[in-house]
Structure formats: C-alpha cells, structure tokens
Amino acid sequence: MNWQQVCDDPALQDQPFKIELNEYGQFLMSPTTNQHGQYQARIIGLLSRELAGGTLISECSVDTSKGTKVADVAWASDDFVARHGNRTPFPEAPEICVEVSSPSDSKRELAMKTRLYLAQGAREVWGCDSSGCLTFCDATGEIPASQIFPEFPRQI
C-alpha cells in the first residue's frame, strides 16, 4: 500500500494506534497511551506559545527511504508550508520533528526515525521519553538545547 491508500481506507479510520508504513508498504502499528497523548499535547501547547510563525502539525506524515513515518508533532516554517502546502505525506521533513516514546518503541527504532527525519531535511529531531524528558538532535548528533527554540524546556 501507499500512504494515500492507507489514508483513504475506511477500515483503518479511528484506530487506537498509530499507523506507519515500512519501505515495503507494510503496516507498522504502535498502540498509544494516554500519557503519550498528554506529552504530545503539552509539546504542542508549549510550542504554540513560542511561535512567531510557521505551522504546528500533529501526526505529521513524512516520506522517507524506509517508508512513511509519522512524527507525533512537527513544526514547519512558513517557507516550508508555502513549498508543500498540505501534501500528504510530505516529501521532506519539516524543520522540527518530535517523537514521543511509546512503550512499544525501541531505542533502535527511535534512533532510526531520528536519522530518517534528518536525512529528509529536518533541522532538529526532538525525543520525549516516558518521564517527559526531552532530547534534541541535529545533523551533528545530540545537542544540549534546541537551536530553533533555545528556551524550550528539557522537561515537560
């Protein structure tokens, strides 16, 4: 399947899990928890207070070399939005992609997603662990704070 087929399939609507595709068009499903949703909402709330421009996106689909991945939260600049509009999935990653760790996520999988988003043009990838602690990465590796939003807290 491709991403548009996944989005259009009525049997896949309103499922209690996150769907992604691997590089072979196979489903990857991750159950989400209420805590996951709370962290996602907190990050969106904090970012919305920091933004002077751009767009926040929840469940942002990005086409990667390993299939369609879905960032829990993304921030796209006005320039990014002007180039891509509402295209689904985006052919490149927005400037910030955030992954909130779920119990089913492995460190290896989260590291792979970080590399994929960066390879697709993200300037930063943020990770949020099960205790609400944030890490920030750019193309050089882990960085002490976001360079785009330096005042963003490390603990939410």
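What's counted below: heavy atoms across the whole structure, side chains too, no hydrogens, waters or symmetry copies.
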Exam field: side chain Gln40 to backbone Val98, donor-acceptor pair closer than 3.5 Å: no

For the pair Tyr39 (side chain) and Val100 (backbone), establish whether a donor and an acceptor sit closer than 3.5 Å, ignoring hydrogens and angles. no

Distance col, row Cys128:SG vs Gln38:CD, nearest 0.5 angstrom, shows 11.0 Å

Ignoring hydrogens, what is the shortest heavy-atom contact between Gly54 and Trp75? Give both atom names and the distance. CA-NE1, 3.8 Å

How long is the straight-line distance from NZ of Lys113 back to CG of Leu118, given to the nearest 0.5 Å? 13.5 Å

Over 60° means perpendicular and under 30° means parallel, so classify the ring planes of Phe90 and Phe80, tilted if in between. perpendicular

Any Val73 side-chain heavy atom under 4.5 Å of Ile57 side chain: no

Beyond-backbone contact of Leu116 with Ser65, side-chain heavy atoms, under 4.5 angstrom: yes

Give every residue pair that meets the salt bridge (charged side-chain N to carboxylate O under 4.0 Å, His left out) criterion with at least one member in residues 116-142, sequence neighbours excluded. none

Separation between OG (Ser48) and CG (Leu56), nearest 0.5 Å, reads 6.5 Å

Indicate, with yes or no, if Ile43 and Phe149 share a hydrophobic cluster defined by side-chain heavy-atom contacts under 4.5 Å among Ile, Leu, Val, Met, Phe, Trp and Tyr. yes

Heavy atoms only: give me the nearest Leu46-Pro153 pair and the separation to one decimal. CD1-CG, 4.0 Å

Test side chain to side chain donor-acceptor pair (under 3.5 Å) on Gln120 and Thr64 and set out the steps. CA-CA 7 Å; Gln120 287 303 108; Thr64 76; over 6 Å; no

Out of curiosity, Phe152 CZ to Ile96 CD1, how far, rounded to the nearest 0.5 Å? 8.5 Å

Sidechain N-carboxylate O distance under 4.0 Å for Arg83, Glu92: yes

Decide if atom CZ of Arg87 counts as having more than 12 heavy atoms of other residues, nucleotides or ligands within a radius under 6.0 Å. no

Group every Ile, Leu, Val, Met, Phe, Trp and Tyr by side-chain heavy-atom contacts under 4.5 Å, then state whether Val125 and Ile143 land in the same group. no

Nearest 0.5 Å please: distance from the NE2 atom of His84 over to the OG1 atom of Thr55. 12.5 Å

If every non-hydrogen atom of Pro89 is compared with every non-hydrogen atom of Ser61, which pair is closest and at what distance? CA-OG, 3.3 Å

Is there side-chain contact between His36 and Asp72, with at least one heavy-atom pair below 4.5 Å? yes

Would you mind reporting whether Glu99 and Trp126 have side-chain heavy atoms less than 4.5 Å apart? no

So which atom in Leu110 and which in Ser101 form the shortest heavy-atom distance, rounded to 0.1 Å? CD1-OG, 3.8 Å

Is the shortest heavy-atom distance from the side chain of Ser58 to the side chain of Ile44 under 4.5 Å? yes

CG/Leu134 to CZ/Arg42 distance, rounded to the nearest 0.5 angstrom? 11.0 Å

Are there more than 12 heavy atoms of other residues, nucleotides or ligands under 6.0 Å from atom CD of Glu23? yes

How far apart are the closest heavy atoms of Asp9 and Ala11, and which atoms are they? OD1-N, 2.8 Å

Do side-chain atoms of Tyr117 reach the backbone of Ala93 as a donor and acceptor pair under 3.5 angstrom? no

Atom of Ala145, atom of Pro150 and distance for their closest heavy-atom approach: CB-O, 4.2 Å

